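For the single chain, residues carry numbers from 1 onward in sequence order. Atoms considered below: every heavy atom in the structure, side chains included; atoms not considered: hydrogens, waters and symmetry mates. Keep in mind it's a predicted model, so treat the numbers as computed, not measured.
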Amino acid sequence: MNDQTYFLANAAHELQTLLSLLCSSIQAIEAAHPEVRCYRYWPELSSDCRLMTKLLRDLTDYSMSDQLTKQRSDLCNLLRRAYLSCLPLTEGTNKTLTYTSRVSCAYMPLDSPKMMEALLNLIVNALDAVSDNGSVQIILTKSNEQFVVSIIDDGCGIAPKQLLTIFHPFTTTKPDGTGLGLPVAKRIIEGHGGHIRVISAPNQGATFTFLLPCSFSSDKK
């Protein structure tokens, strides 16, 4: 960990501690004096605290995203777990989320918690991008000694200008977004020796694809 990353991680941790105390105080005030909910700016105060908490958590994730502890794991199982974790997000809508694996197993050195974080960021973003009748596909294949994971949505797409900065920290179009989800995912994937790319156009959906080396694979071609 370099000096800049170390400083960022520690600063985010210290600020999180202080913010937790502030949020606890706000909750205590509200519990003791329910009438404060009628105060004009009270909802904004609570909302701002939640947003700051998320920002600091994402900053910590970003600063630590390249600190990996890898063990031999099956990418197939990890993808299935990510799929099942995100499936409840389609409840109450007509959105469809599917997972297809075209390999029987995909063993490689993985930091499973960090890779799960990257997968969830990508899948949740895809689900956010589609309409209530939209679809998201998660597909795992193998090509040229690499595992290929594609997350395909039929949503609103991404403008060419946005594509240039989509993996830059703090770039977001979401009102409650921090712009760190995709940069975190990118750093985690690159930390596993992989790389990620995106193909998209306005109103034509988006395909995020990342490739990982097939180290320790027992899958047969």
Side-chain angles (χ1 to χ4, degrees), residues 51 54-55 57-58 61-62 65 74-103 106 108 110 112-144 146-192 194-212:
L51 181 58
K54 184 178 188 306
L55 174 59
R57 185 174 61 247
D58 288 352
D61 289 344
Y62 180 74
S65 57
D74 187 357
L75 183 60
C76 289
N77 288 338
L78 195 64
L79 279 164
R80 180 163 182 80
R81 283 169 49 203
Y83 157 71
L84 292 173
S85 294
C86 292
L87 203 55
L89 297 177
T90 65
E91 293 293 326
T93 74
N94 290 319
K95 295 180 182 181
T96 58
L97 176 65
T98 59
Y99 166 52
T100 303
S101 177
R102 294 174 185 160
V103 297
M108 61 174 297
L110 284 174
S112 294
K114 291 283 181 65
M115 185 56 75
M116 175 66 81
E117 182 182 358
L119 291 170
L120 293 178
N121 274 328
L122 292 169
I123 297 168
V124 170
N125 275 356
L127 286 169
D128 286 345
V130 301
S131 68
D132 272 359
N133 296 304
S135 67
V136 175
Q137 303 175 64
I138 309 164
I139 301 174
L140 172 63
T141 60
K142 184 180 177 184
S143 174
N144 298 323
Q146 290 182 307
F147 294 119
V148 182
V149 179
S150 298
I151 299 172
I152 307 165
D153 71 67
D154 61 1
C156 57
I158 305 167
K161 186 177 181 180
Q162 290 177 303
L163 283 175
L164 297 175
T165 60
I166 196 168
F167 292 112
H168 293 182
F170 306 111
T171 299
T172 183
T173 58
K174 298 179 181 179
D176 59 347
T178 62
L180 289 170
L182 288 178
V184 166
K186 181 176 184 289
R187 280 165 63 97
I188 291 171
I189 289 164
E190 290 177 346
H192 284 82
H195 65 275
I196 185 169
R197 60 180 182 240
V198 56
I199 299 173
S200 182
N203 303 314
Q204 295 184 29
T207 298
F208 285 80
T209 301
F210 65 89
L211 295 85
L212 296 168

Distance-only, no hydrogens or angles: does the D153 side chain make a donor-acceptor pair with backbone N or O of A206 under 3.5 Å? yes

Please report the shortest heavy-atom distance between G194 and L212, naming the atom on each side. CA-CD2, 4.0 Å

Closest non-hydrogen atom pair, T209 against S150: OG1-OG, 3.4 Å

Starting at CZ of R187, measure out to CD of E117 and round the result to the nearest 0.5 Å. 11.5 Å

Least distance between heavy atoms, G155 atom then V130 atom: N-CG1, 3.7 Å

side-chain contact (heavy atoms from CB on, under 4.5 Å) for L89 and L97? Distances and angles first, verdict last. CA-CA 9 Å; L89 297 177; L97 176 65; over 6 Å; no

Ring-plane angle category for F167 and F208, please: parallel below 30°, perpendicular beyond 60°, tilted otherwise. perpendicular

Could you go through the side-chain contact (heavy atoms from CB on, under 4.5 Å) check for I196 and L211 one step at a time? CA-CA 7 Å; I196 185 169; L211 295 85; over 6 Å; no

Would you check if the side chain of D154 reaches a backbone N or O of S135 as a donor-acceptor pair within less than 3.5 Å? yes

What closest approach, in Å, do L87 and T90 show between heavy atoms, and which atom pair accounts for it? O-OG1, 2.7 Å

Okay, side chain of K142, backbone of V103: is any donor-acceptor separation there less than 3.5 Å? no

With side-chain contact (heavy atoms from CB on, under 4.5 Å) as the test, would you mind laying out the steps for L79 and S101 before giving the verdict? CA-CA 9 Å; L79 279 164; S101 177; over 6 Å; no

Taking the side chain as every heavy atom from C-beta outward, state whether V198 and L182 have any pair of such atoms under 4.5 Å apart. no

Compute whether any side-chain donor of one residue and acceptor of the other, for T93 and D132, lie under 3.5 angstrom apart. no

Mind listing the closest non-hydrogen atom pair of L163 and S200 along with its distance? CD1-O, 3.7 Å

Okay, side chain of D74, backbone of C76: is any donor-acceptor separation there less than 3.5 Å? yes

Indicate the atoms forming the closest heavy-atom contact of M115 with L110, along with that distance. CE-CD2, 4.0 Å

Quick check: do S131 and C156 have side-chain heavy atoms less than 4.5 Å from each other? no

Rounded to the nearest 0.5 Å, what separation is found between the CG atom of N133 and the CG atom of N94? 5.0 Å

To the nearest 0.5 angstrom, please state how far the CD1 atom of I158 sits from the CD1 atom of I166. 3.5 Å

Any donor-acceptor N/O pair, Y83 side chain to T100 backbone, under 3.5 Å: no

Quick one: CD1 on I138 to CZ on R80, what's the gap to the nearest 0.5 Å? 10.5 Å

From CG (L75) to CZ (F147), nearest 0.5 Å: 7.0 Å

